[in-house]
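See below for the structure under consideration.
FYI, side chains are in, hydrogens and waters are out, and symmetry mates aren't considered; it's all heavy atoms of this structure.
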Amino acid sequence: IHATFSPHYNPKKEMEGVVVVLQDVTEQKKLDDMRKEFVANVSHELRTPLTTVKSYTETLMEGALDDRETAMEFLSIIDSESDRMAFLVRDLLQLSRFDNKQVRLNITEIEMNEFLMTTVRQSKIHAEAKHQELTFEPCDHPVIIYGDRDRVGQVVNNIVTNAIKYSLEQAKIRIFITEDEKYYKISVKDTGMGITREDLPRIFERFYRVDKARSRAMGGTGLGLAIAKEIMESHKGRLTAESEYGKGTTMTMWFPKERPELEYEHEFKTGG
Ligand code: ADP
């Protein structure tokens, strides 16, 4: 609550009373705080890799360049830190396009059994590297959703990658489709580390990570789920999470069965 006090005087300059204006600024303050926190986060996320790039570059210029092996090692650090900054900027730009309603979706019918089969094939390699079992259980009938293939693929990749990243070796990751009257639901269920009840509602926030150091080391920007949620909402769908700490997590993408009226759709084509 914001309060302003203005004294009220009579013609003899004697104070007669005070006018108090009370203003509920909670919402405004919350937005302000969120914006400040976001800017602080962006600055920090960019400054960290930038500092690394700068210090390795200086060391190279001061003579380390003469030792070929050291030089190669430093250059590869500079290269991966630059990648990190590039990923961050790419994700920030995509979020800002959603914020400004500048996203144009290229909507087509997508048959999800076939689509998931191909998308999952690429992730299998990463799961196998961690000795995890990644399975897709197709539906016995065609599942048609209306979506932008690139964007839908991005969400699937993001949640499957997270399932792999936040699960230990030998974990099992299942991808399956269910439905109710109105929605097709694509779920990715892992037997990984899980998320506590307190953290769960916050994982869709920009830059929120349960374990900052750890997820950064694994190469995430902390924006993946925030973007995935925007993408699902732009498709008139939803992205939800259920989790039990220490047991595992299930992320579910909801797609309306009926072709939705989209706000900023580019064009509509039938067929793949
Ligand atoms: P990041 O780039 O850190 O992976 P995301 O936006 O994709 O960012 O995810 C936000 C956070 O949610 C992650 O840092 C992680 O703590 C948590 N998270 C996401 N998916 C899972 C999962 N399947 N199991 C456990 N934690 C998860």
Report yes if the side chains of [X] and [Y] come closer than 4.5 Å at any heavy-atom pair, otherwise no.
X    : Y    : answer
I227 : Q154 : yes
I231 : Q94  : yes
P138 : L116 : no
V103 : S234 : no
M253 : V152 : yes
R149 : I110 : yes

side-chain contact (heavy atoms from CB on, under 4.5 Å) against [X], all qualifying residues, sequence neighbours excluded:
X    : value
L93  : V89, R97
D199 : I195, T196, Y208, V210
K212 : R209, R216
T4   : H2, V21

Keeping [X] on the side-chain end and [Y] on the backbone end, is there a donor-acceptor pair under 3.5 Å?
X    : Y    : answer
K257 : D180 : yes
D148 : L105 : no
T48  : E45  : no
S167 : I164 : no
N41  : E37  : yes
N100 : Q102 : no

Heavy atoms of other groups near [X] [atom1], more than 12 under 6.0 Å:
X    : atom1 : result
E258 : CD    : no
M34  : CE    : no
R47  : CZ    : no
E137 : CD    : yes
L168 : CG    : no
E169 : CD    : yes
K185 : NZ    : yes
E111 : CD    : yes

Check your understanding: Looking at F87, is R84 sitting on its ring face, NZ or CZ under 6.0 Å from the six-membered ring centre and within 45 degrees of the normal?
Key -> no
[X] and [Y]: which non-hydrogen atoms are nearest, and at how many Å?
X    : Y    : result
L22  : A3   : CD2-CB, 3.6 Å
I177 : I186 : CG1-CD1, 4.3 Å
G237 : P256 : CA-CD, 4.0 Å
F5   : V20  : CD2-CG2, 3.6 Å

Exercise for review: For T240 and W254, run side chain to side chain contact (heavy atoms under 4.5 Å, CB included): C-alpha distance rounded to whole Å, both residues' side-chain angles, the deciding distance at 0.1 Å, then the answer.
Suggested key: CA-CA 8 Å; T240 57; W254 303 53; 2.9 Å; yes
Exercise for review: Measure the spacing between CZ of R121 and CG of L134 and express it to the nearest 0.5 Å.
Suggested key: 12.0 Å
**Study point:** Interatomic spacing from CZ in F136 to CZ in R174 - rounded to 0.5 Å
**Key:**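 F136 atom CZ to R174 atom CZ measures 11.5 Å (nearest 0.5 Å).
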**Study point:** Residues forming a ring pair (Phe, Tyr, Trp, His ring centres under 6.0 Å) with Y56, sequence neighbours excluded
**Key:** F74
Revision key, fill the gap. Residues passing the salt bridge (charged side-chain N to carboxylate O under 4.0 Å, His left out) test with D79, sequence neighbours excluded, are none
Review point. Relative to each other, are the rings of H235 and F255 parallel, tilted or perpendicular (30° and 60° limits)?
Key: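 Because their plane-to-plane angle is over 60°, the rings of H235 and F255 count as perpendicular.
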Review point. Aromatic rings H141 and Y184: how do their planes relate, parallel, tilted or perpendicular, breaks at 30° and 60°?
Key: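 It falls in the tilted class, 30° to 60°.
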Check your understanding: Would you say the side-chain atoms of S187 and T250 include a donor-acceptor pair closer than 3.5 Å?
Key -> no
Practice item. Apply side chain to side chain contact (heavy atoms under 4.5 Å, CB included) to M85 and V53, showing your working. Key: CA-CA 10 Å; M85 287 189 276; V53 167; 3.9 Å; yes
Exercise for review: Could you please spell out the steps behind the salt bridge (charged side-chain N to carboxylate O under 4.0 Å, His left out) verdict for K124 and E128?
Suggested key: CA-CA 6 Å; K124 272 218 156 116; E128 272 159 19; 6.0 Å; no
Exercise for review: Output, in order, the C-alpha distance, side-chain angles, deciding distance and verdict of side chain to side chain contact (heavy atoms under 4.5 Å, CB included) for T249 and Y166.
Suggested key: CA-CA 9 Å; T249 305; Y166 301 109; over 6 Å; no
Exercise for review: Starting from the C-alpha separation in whole Å, work towards a yes-or-no answer on salt bridge (charged side-chain N to carboxylate O under 4.0 Å, His left out) for D99 and R206.
Suggested key: CA-CA 13 Å; D99 289 346; R206 298 171 185 195; 2.8 Å; yes
